[in-house]
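Proteins come first, then strands; the chains are lettered A, B, ... in the order of their sequence lines, and each starts at number 1. What you are looking at is a predicted structure, and each value in this text was computed from that prediction instead of being measured.
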Number of protein chains: 2
Amino acid sequence: MKTTKNCITRLYQYREALYRMKTSGCQKVFSNDLAEAIGANSSQVRKDFSLFGISGNKRGGYGIHELMDQLDTLFNKNQMRKIIVVGVGNIGRALMNYESFARELILIEAAFDIDPMKYDREALIPVLPMEELQDYITHNKIKMAIIAVPYFAAQQVFDLMSAAGIRGVVNFSPVSLKTPEDVFVNNVNVQLEIDIVHYFVNALDKKE
Amino acid sequence: MKTTKNCITRLYQYREALYRMKTSGCQKVFSNDLAEAIGANSSQVRKDFSLFGISGNKRGGYGIHELMDQLDTLFNKNQMRKIIVVGVGNIGRALMNYESFARELILIEAAFDIDPMKYDREALIPVLPMEELQDYITHNKIKMAIIAVPYFAAQQVFDLMSAAGIRGVVNFSPVSLKTPEDVFVNNVNVQLEIDIVHYFVNALDKKE
DNA sequence: TGGTTTTTGTGATTTTTTTCACAAAACACC
DNA sequence: GGTGTTTTGTGAAAAAAATCACAAAAACCA
């Protein structure tokens, strides 16, 4: 199966739209509705679904419940997903306190930092010394981590994790990571996201 | 000119790579080096540059200083960029305290919230009541905003801003916004980014 | 100075992604 | 049960993005 990040993102958006539709009482949905909801073409919706063997009913569209179940399964939304945070700065802390994770069964199990002032083994999400990172990962079979350290530390932290067997990383530090083949990395660069908007706003202005 | 978000993202990555190269003392760079740095093809690099009229020297590559200047101009990195934050929760607060913004000349000028407990007109970044949002935008000619409110408030906040003349938005709330033509919106969904990694980690596991 | 090498810039080609378009299935209504 | 309408699922077509490939310019060297 050949799935791109774009495709996965769309599936996520469908799910989001479905959620809204469900809460407003709908029972079934057509590819057309979903397409409109996310600003795409209805064939796109059907193609995306067919990639994952999700099928509807000719003339009847898709059952919202059934469809959401299938998407939930796809995203493993049914099982608790353990994750750790490395770097307890602004972003790290914000993620640790992020309310909606619980609802989506994302569980931040522990956090790590180099600053002894931040250590706190008794907290709801314990903050542990960086020295324990590798042991923690192997011992607790952690597969996923969030990197939220300053840019100069990011690669080093990543290499540690990677060596300890991490399989997926969301990197919030403002540098792209050099990554081995067998670890999936998703770079989320807040500065870049702001600069992109800035760029397009300016570009639009110039056109007018 | 036909520029996509992907293209802009690559330009940003080049800039990042150039920064590293400059600090390690390099003076010039070839399309090949940049391609390797971001995992792309060297023609891609040259195509991207040519789109923006950035040219190098046959056999001599590109001067790092000159190139960075051109990219900085492209991203308006030379002038202070004012922005406001709406929603002083975990994420909003984290962004307000984000150190590297200053270095990149991104200035968060004010923040807004509905919770009176959070108001603070004297703070370095004043936190103002939501009622003042529209006036503030028009009065101070704010062009860009960050939305960091809970999902149920996001669209409403956006519509307010949009009506007040905002031109670009980075939306950190976990819902995609319905947006008018003349406002550029960049959705950054933290949950989605985590779920994407989760998906691909699982997908990789299944393949083995 | 003339030949050799290197690297850009860009048309041509390939690959990927999106959209079109239509047959086949399902339902509704008479 | 037949006829008409709606919507899926998917090959075919179009559009967009990435890669190839090569002429032309520049630097080097002898």
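Under the 3.5 Å distance criterion, with hydrogens and angles disregarded, no donor-acceptor pair is assigned to the side chains of B:T4 and B:N6. In this model, a donor atom of one side chain and an acceptor atom of the other lie less than 3.5 Å apart for B:N171 and B:N187. At a cut-off of 3.5 Å, with distance as the only test, a side-chain donor of A:D195 or B:Y12 sits close to an acceptor on the other residue. Side-chain polar atoms of B:N76 and A:N202 form a donor-acceptor pair below 3.5 angstrom. Residues B:R20 and B:S24 bring no donor and acceptor atom of their side chains to less than 3.5 Å of each other.
When side chains are defined from C-beta on, B:R81 does not count as touching B:L107, because their heavy atoms never get closer than 4.5 Å. Looking at A:K118 and A:D115, their side chains come closer than 4.5 Å, going by heavy atoms from C-beta outward.
A donor-acceptor contact under 3.5 Å is formed by the side chain of B:K47 with the base of D:dT19.
Side-chain N/O atoms of B:R10 include one lying less than 4.0 angstrom from OP1 or OP2 on D:dA18.
The residues A:E104 and A:R15 are annotated as salt-bridged, a charged nitrogen and a carboxylate oxygen being separated by less than 4.0 angstrom.
Rounding to whole angstrom units, CZ of residue A:R46 and C1' of C:dC20 are separated by 10 Å. Atom C1' of nucleotide C:dT18 and atom CG of A:L51 are separated by 13 Å, given to the nearest angstrom. Here the C1' atom of nucleotide D:dA16 and the CG atom of B:N6 are 11 Å apart, to the nearest Å. The nearest whole Å value for the distance from the NZ atom in A:K5 to the P atom in C:dT17 is 14 Å. In this structure, A:N41 atom CG and C:dC22 atom C1' are separated by 15 Å, rounded to whole Å.
Across residues 16-39 of chain A, A:F30, A:S31 each have a non-hydrogen atom less than 4.0 Å from an atom of DNA chain D (numbered order). If you check residues 57-72 of chain B against DNA chain D, the residues with a heavy atom closer than 4.0 Å are B:K58, B:R59, listed by number.
A:S50 comes within contact range of the sugar-phosphate backbone alone, with a heavy-atom separation under 4.0 Å but no base atom that close.
Checking D:dG9, D:dT19, C:dT17 against every side-chain atom of A:S55, the shortest atom distance belongs to D:dG9.
Ring pair B:Y62/B:F49 is perpendicular by interplanar angle, where above 60° counts as perpendicular and below 30° as parallel.
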